[in-house]
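For reference, the structure discussed in these notes is given below.
Being a predicted model, the structure only gives us computed values, none of them experimental.
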Amino acid sequence: MFRSMTAFGRARQTVGGKDICAEIKSVNNRYFDCTVKISRLYSFLEDKIKQYLQTKGISRGKVEVYISIDLLEQAGVEINLDTAYAKSYIDALYKLRDTFDLKDDITVSRVAANKDIFTVKKPEDDIEKDWADIKVVLDQALDTFIERRNAEGENLHKNIVEKIDNIKGYLVEIEKNSLSDINGYAKKLEDRIVKFLNDNSVQIDEQRILTEVAIFADKVAIDEELVRLSSHFDAFEDIVNSDEPAGRKLDFLLQEMNRETNTIGSKASNSDTAHLVVNIKNELEKIREQIQNIE
């Protein structure tokens, strides 16, 4: 099953005296790169949230998690002023005012709007409860996030399968052209030799003609390339039907398909085959672009 690395999920709910909002969004990335933004009061949960996402099957992508928490019940919570940070912040505001000759409206309420000037302490025995409360909302956001990843992945799957089918159709035409080229070459070679020998009253050596045709057939034969491509298509189906992440495997498989296609192109002896090879490479490039978004 394909899963897209691009998705978004959001949920909000009041749990355990907290107004909690969780947002998850992700974009393409070669590895799992997760950033969690949460208030300093709950920063101890950052690693736990990252690990939890991985247990949900998120193994690739640049993932950003935003969690805002407003306490509706303040029991047991101590709020103190971070004096050093507040002084540095206010000094910066004065510098901003003086440097740009701004109106002086630096008031307590404006300074207090920066929540980072405060430190909040809460009882340590609330840690597990905090995680349980946040997890409720995080799970809701994850459900939407994963559902969208799967839906977009299914769309990518359908589109890629359609392109693979197109490639298979092109290869059927190429195989027909290859057989036609060999037969045509045999006839042309025989006609040229017969004309030459007749003009010079020399006996025709049928065995020599067969040898030359065999040499040509060996040069333009694409049987091995077609067999390997067929094997790659089978591997593609196996990867699609697996529950494991498919992006990296498909990327490698696509490189192998490109290699076989280039070999077929180098053996092409007519313009129709060359045109079909270009079509195949075009489809492979489109697939390559799409699998960059597959986990």
task = Decide whether Val111 and Tyr94 are clustered together by the hydrophobic rule: side chain heavy atoms of Ile, Leu, Val, Met, Phe, Trp, Tyr closer than 4.5 Å, transitively.
result = yes
ask   = Can you check salt bridge (Lys or Arg N to Asp or Glu O under 4.0 Å) on Lys95 and Asp91, steps first, answer last?
value = CA-CA 6 Å; Lys95 184 175 181 180; Asp91 288 344; over 6 Å; no
request  = Please answer: with hydrophobic residues joined when any side-chain heavy atoms are less than 4.5 Å apart, are Val15 and Tyr66 in the same cluster?
outcome  = no
message = Hydrophobic clusters here meaning ILVMFWY residues chained together by side-chain heavy-atom distances under 4.5 Å, can you tell me if Phe44 and Leu53 are in one?
response = yes
ask   = Backbone N or O of Arg259 within a donor-acceptor pair of the Thr263 side chain at under 3.5 Å?
value = yes
query = Can you check whether Asn155's main-chain N or O pairs, donor with acceptor, with Asn159's side chain at less than 3.5 Å?
reply = no
task = Check the pair Leu171 / Ile264 against side-chain contact (heavy atoms from CB on, under 4.5 Å), numbers first and verdict last.
result = CA-CA 10 Å; Leu171 289 173; Ile264 291 175; 4.1 Å; yes
task = Can you label the angle between the Tyr89 ring and the Tyr85 ring as parallel, tilted or perpendicular, going by 30° and 60°?
result = parallel
ask   = For the residue pair Met5 and Asn29, what are the closest heavy atoms and their distance?
value = SD-O, 3.4 Å
inquiry  = With a 4.5 Å cut-off on side-chain heavy atoms, are Thr261 and Ile167 touching?
reply    = no
note = When every non-hydrogen atom of Lys50 is compared with those of Cys34, the smallest separation belongs to CE-O, 3.3 Å
ask   = How many angstroms lie between atom OH of Tyr52 and atom CD1 of Ile58, to the nearest 0.5 angstrom?
value = 10.0 Å
inquiry  = Testing the basics here: between Leu81 and Ala86, what is the closest heavy-atom pair and its distance to 0.1 Å?
reply    = CD1-CB, 4.0 Å
Residue that, paired with Ile164, satisfies side chain to side chain contact (heavy atoms under 4.5 Å, CB included) out of Glu283, His232, Glu237, Met257 = Met257
query = Would a distance-only check, ignoring hydrogens and angles, find a side-chain to backbone donor-acceptor pair under 3.5 Å from Arg248 to Arg30?
reply = yes
request  = Can you see which heavy atom on Arg3 is nearest to which on Gly57, and at what distance?
outcome  = NE-O, 4.3 Å
inquiry  = I'd like to know if Ile280 and Phe236 are part of one continuous hydrophobic network [Ile/Leu/Val/Met/Phe/Trp/Tyr, side-chain heavy atoms within less than 4.5 Å].
reply    = yes
ask   = Do the charged groups of Glu289 and Lys286 touch, with an N to O distance under 4.0 Å?
value = no
query = Would you find a donor on one side and an acceptor on the other, under 3.5 Å apart, between the side chain of Glu295 and the backbone of Gly61?
reply = no
ask   = At their closest point, which heavy atom of Ser43 faces which heavy atom of Ile38, and how far apart are they?
value = CA-CG2, 4.0 Å
query = So does Asp133 pair up with Lys129, basic N to acidic O under 4.0 Å?
reply = yes
Rounded distance (nearest 0.5 Å) linking atom CG of Asp19 with atom CZ of Arg12 = 4.0 Å
query = Got Asn258 and Glu285 here, is their nearest side-chain heavy-atom distance under 4.5 Å?
reply = no
ask   = Distance-only, no hydrogens or angles: does the Arg60 side chain make a donor-acceptor pair with backbone N or O of Ile294 under 3.5 Å?
value = yes
query = Run the side-chain contact (heavy atoms from CB on, under 4.5 Å) check on Tyr42 and Lys18 step by step: do they pass?
reply = CA-CA 12 Å; Tyr42 300 93; Lys18 308 176 187 72; 3.6 Å; yes
task = Determine the minimum heavy-atom distance between Ile117 and Ala112, stating which atoms define it.
result = CD1-CA, 4.0 Å
